[in-house]
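One structure is given below, encoded as structure tokens.
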Amino acid sequence: MSGVAFALLALAPPALFEDQAGKFDWARENVGSVGAAVFRSVGSQRLAVVASEAAVAGIDLRTGGTAWRRVLPEGESVGGLLALGSSGVLSTGVAHRDGRAHGSVRLFSDSGALLWDAVLDAVGDAAAPPVTAATDVAIYAASATSVLALHAATGKELWRWTAPADKAGLRVAALVPQGGEVRAYGVLDGRLAVATLGASDGAPASKGVELIKGEALLGGAPLVAVPDGSRLVSLSADKAKLVVHAVGSGKAEAHPLAALLPAGAAAEALSPTPLPGGALLSLAGGGSAVVALGKGSAPARLAKHVAPAAAGGAQALAAAEWKEGGALLALARAEAGALTLQTCELAADSAACEWSAAEPLGEADGELGAGFAAWVGPYARKDGSTGARLLVRSAGDALALHVRAAAAAAEGGKGEGGRLWVREEALASVSGAELLPLPAIAIDRGAAEQRPFFGFALPAVADGIKSRLEALQRSAAEAEAEAKRLLLLGDAYGSRQVVVAATAASKLFGLHSSTGAVLWSRHVPPLAPGAPPPLLRGPFVSGSGATALVHVVATDGGRWAVLTVGPFDGSLVGERREEGELVHAAQLPGSAAGTLLLVDASLGATTHPATPAAGAELASRLSTTFFHLVSPSQVQGFGLVAAAGGGVRASARWSVALPPAASSRTAYFSHRAAVHSAVRTKGDRSVLHKYINRNVLAVGSEVKPAGGEAPYVQLLLLDSVSGRRLHSARHSNCAGPLSLLLGENTLLYSYRAEGRDGPQTTLTAAELYVNSSVASGVLSLLAMGPLDPSLRKNQFDAFAAPPPLVLSQSYAFPTSIAAMGLTLTQKGITPKQMSAADKEEGLVPYSPSLGGINALQVVSHRHTVARPRAIVAAPTVLESTSLVFSYGLDLFLTRAAPARTFDQPPPRVTRRPPPFPPPRQLNEDFNKLGLLGACLGMLVATVATSMYSARRDLNAAWA
Amino acid sequence: MPRRWAVDLADCSGKDLCDPPGYSETYREEHDTKLTEKRSFDMAALKLKKAKETAWAPAKSFMMTAFMLWMSGSGVHPFSIMMTGYAVYNPINSALNVNKQFKPFADPKADATMRGALLMAKATFVVLNLLAMSGALYKMNTMGLLPNTPSDWASFLVVPPPVQVSTGSQISAPLAH
């Protein structure tokens, strides 16, 4: 066995020449869904330091570009950011290591350098990020029962305190450094508790952990210390009282909210945002309230009340530290298609403030209307007034900076209604993607007619000057329209395609495959008011060329909808909404119309479109159409039967249990992928018959057994029609991350083997063959003639086919693998595999290691493609070439030619507008007339010389 | 008694032209007959000998051709293809033109034995050419240019289309049914 299938980004054949870098590929760096942000200034540059679950990044406020980005290790996420004066920004988060959650603290400089990091004790299953407090010399971080003091400059651990065993139920939730002490507040048995520690050595006071007298606290509610550290605020267990504790006292006072809040309003949660002398409450029904705590014994009172947003709109309240210990409150409202901002400056005692007049910040689309989060960055204007920048993350994860329209021009922006820039961060959460060629329009033909023959340059130069002059004469709007028109033109070779991507942020995108430009985006709002954001399945492509359509199935557990959009402009062509829970949505393989099969939780099956033709198509294929559902514990197989009362129902046929305590991944071989040959030719030119079953399901499970047994990786190959187990393998003492790739008859998977010398990424290749009853001799084959695939006996019947013979080998691989993909070409002739023994001299001896990765084989060259999750490929018209699209936190797209560009002669200089690189294929530049002339010339010369030679021989004979 | 060394030049004994001195009509007739017979016999043998040489000519050039084929290597390159092509084409061409090759050696007056010998030479010529061609064919085989293995006819074995189709989805919990 010798074949090893590779189609990794890292192991594609020789990648590209230096001058090709960036011409056939593009990469897009994302940050992800922003969950925290702080505004910073670095010299003259103003940054928004933002954090998502995967990365911390500095974003230039003028351009929206990424000034720097630090991707966190796999398994770590950021929960909050804390600005530390001139030191930088402290991020707090949770890191999952060895199956446990730990608190994580990292200090980044404003220029993006990681100054230090620290890992705290395990925080348990709750996995809340650690709470922090900072002084000039130390940073205190607490998670669960322990408090850690770190040197502010070096991150060196100064001391560590852990709650005594009899107080193991303590959950530290706030730290208040004051004088020479640090008070660690937490909740113990529902009561507020405090441990007073020495700031220099962490020595606890003699009293140990003290319980504070007062109301029982709401579990999970934050303990919020006001910025001056004088008081601590929380919410009582019944949410009816605000519990205020004066730091240093032994009791907590309860302030009934009924007396503070407007009639009918009830507190929902306490915001963790600290306000000077006050607390910010979220109210049931959508409003907010700011409660001023009052100085000394002064009673608490309502400082500000924010009514809920109007129907169809959304609002967000943000606060930021501002002048003299005060704060700036910002209320952003997205209503009636407009985003407005109101601000008020809270004094240090949270005395009442007045909202400024609502100022427009630009248009508000449906994404903002569905809800958004906002962060405000106040600044002092030259005239002494207070300005505010508003960073907004929409429901569709678009991150935008809004400023007042007057300020927009000053910021150097176009003043587009106050929105300076927008970043589509939903592209960091792509869940599925399809590529389809842009409709080809014969633009090349016109250019070819004008092209000079045999390279006389003068007409081409004249053409170039003429086109440049025309471009100069165009207005900016015309030039933009022309550029947009050119961007949407396809080519005859299918290399310019649109990538239709569905994301976890309920948003659809159309990206250009040549440039990565966002052609269009469409946010799918909740399917009902108050419903959660829908989950998108798909996209599914039907039709081809200019008439192609994209279907996306949106589900939210109680409703589902099928949206049909135009793939090239994102226009909504149709929408179908239904009630019920959808468990399965897929395109019927082989359906010319691209019919979707939809199955709900009650096993009722329907089609989309719900037309009689689609219904008849499904009815005609009932006995040959199956589906399966993969859950964490089992795989269930279903068939389709005609329902008694009409319609179609799913019928359970088989189920296979998966290992308990396992996380599983699946892989399929696409029904649409072209397969050219049914056999594999060996070194001696005999053949092995491939086991080509398009219904194979590969399930890989990482199993961590309870009871201290060693973890293992299990691999299962199932026929998803019959439920038969085709192959299984168990790799003991191995663990994830697990990657799977299923080819036409090849299974490739990677995992981590715990060897004596430490963990080693291992790659196992399994090839599936079958004992064929078809004649294997040359004479027999000649006598038999070509097989007729329309005959049932020559088709693959899942219930009658013999099981495959599996040949597998494992190799050590130099780096861990996050995702694998297989190149697809139009006819499937171009090899998808890189064989280790493809030379006819004989088999290459097995080597346990695949060696290092040649730098020339890294197709992503200078780009860092962070956290890739999946790789999809699409064929082009050229058999040699396929487009490979990788998505994860970052996006990357390139052209891959596994067998080199055998159908593409070297390029000549072409005249094209800048966005399009010169195509490298058998294009109109190729001199077909010259080739024909040369062939004819050779023929004539052969005949003429033959005649001349014959005549000379005759003359010589007579002489 | 006539003198021994005396010749009467006028005595022609009834002939128009007298014989030269010492000429014996009897001797000439006897000698010419023998000479003619011998010359005729020598020419047929010579033709047969030449025919045999021609018949064995392919064998003589076979080693040279084999050496050239070996030198051209087993890779599929223009030079090796050209060499192999000539090595296949030339024997076939020669074998097809066997009659033309042996025409100068044919003698219409030849007897059955001679004709049989010539036929044998032709057969040898054809066989040796076929032998030379088989060497070239072996070379083609080593180059992988002969469609004599199952992999060359793999296009007869179509990829079996599936009778049934199946699709799948991920769900969070098994479906009760």
Side-chain angles (χ1 to χ4, degrees), chain A residues 537 583-590 597 601 603 621 624-634 636-637 652 655 666 668 671 675-679 681-682 685-687 689 692-695 697 720-721 772 774 776-778 781-782 784-789 792 794-799 840, chain B residues 70 72-78 80-82 84-86 89-90 92-94 96-97 99-106 137-177:
Chain A
R537 294 174 188 238
V583 294
H584 179 63
Q587 204 156 27
L588 276 177
L597 170 66
L603 294 183
R621 299 174 58 175
T624 58
T625 303
F626 300 81
F627 72 94
H628 58 274
L629 302 174
V630 183
S631 64
S633 61
Q634 58 179 283
Q636 297 170 290
S655 69
T666 57
Y668 301 89
H671 280 273
V675 179
H676 176 67
S677 176
V679 297
T681 304
K682 294 200 291 183
R685 297 170 69 195
S686 61
V687 294
H689 292 262
I692 302 172
N693 179 358
R694 292 179 184 270
N695 298 313
L697 162 67
S720 61
V721 169
S772 174
V774 177
S776 56
V778 176
L781 278 170
L782 286 171
M784 179 185 70
L787 293 177
D788 182 0
R792 176 78 178 233
N794 294 331
Q795 297 177 348
F796 186 92
D797 187 344
F799 297 102
E840 294 193 1
Chain B
W70 178 70
S72 65
S74 62
V76 181
H77 305 294
S80 59
I81 290 176
M82 199 168 66
T84 314
Y86 277 123
Y89 172 76
N90 283 342
I92 292 175
N93 193 35
S94 298
L96 290 177
N97 293 325
N99 286 330
K100 192 177 169 185
Q101 291 270 350
F102 283 83
K103 194 171 183 181
F105 313 126
L137 287 177
Y138 174 75
K139 169 74 177 175
M140 282 183 75
N141 184 43
T142 58
M143 291 170 72
L145 296 178
L146 286 186
N148 59 347
T149 60
S151 61
D152 298 313
W153 303 94
S155 59
F156 282 11
L157 305 169
V158 294
V159 176
V163 175
Q164 302 91 357
V165 293
S166 174
T167 52
S169 288
Q170 302 266 355
I171 54 174
S172 56
L175 204 62
H177 49 81

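Throughout, a chain's letter reflects where its sequence line sits, starting with A, and its residues are numbered from 1.
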## Note on the structure
Taking every heavy atom of Ala173(B) against every heavy atom of Ser631(A), the minimum-distance pair comes out as C-CB, 3.7 Å
### Query
If you look at every heavy atom in Phe156(B) and Leu781(A), which pair is closest and at what distance?
CD2-O, 3.3 Å
When only pairs under 4.5 Å are counted, which of [options] shares the most heavy-atom pairs with chain A?
{"options": "Pro147(B), Ser172(B), Ser151(B), Ser166(B)", "value": "Ser166(B)"}
{"options": "Ala154(B), Ser155(B), Pro161(B)", "value": "Pro161(B)"}
{"options": "Val158(B), Val165(B), Asn148(B)", "value": "Val165(B)"}

### Query
Where the side chain of His628(A) meets the backbone of Ser169(B), is there a donor-acceptor pair that is under 3.5 Å apart?
no
### Task
Starting at NE2 of His584(A), measure out to CD of Gln170(B) and round the result to the nearest 0.5 Å.
12.0 Å
## Note on the structure
To the nearest 0.5 Å, atom CD of Gln164(B) lies from atom CG of Asn695(A) at 7.0 Å
### Message
With heavy-atom distances below 4.5 Å as the criterion, would you say the side chains of Leu603(A) and Leu175(B) are in contact?
### Response
yes
### Query
Tell me, do Leu787(A) and Leu157(B) make a side-chain contact under 4.5 Å, heavy atoms counted?
yes
### Task
Heavy-atom distances under 4.5 Å only: say whether Asn794(A) touches chain B with side chain, backbone, both or neither.
backbone
### Message
Can you tell me which portion of Val583(A) sits under 4.5 Å from chain B's heavy atoms? Options are side chain, backbone, both or neither.
### Response
both
Between chain B and each of [options], count heavy-atom pairs under 4.5 Å; write down the option with the most.
{"options": "Ser633(A), Ala586(A), Ser720(A)", "answer": "Ser720(A)"}
{"options": "Thr681(A), Leu782(A), Leu597(A)", "answer": "Leu782(A)"}
{"options": "Pro789(A), Ala678(A), Pro786(A)", "answer": "Pro786(A)"}

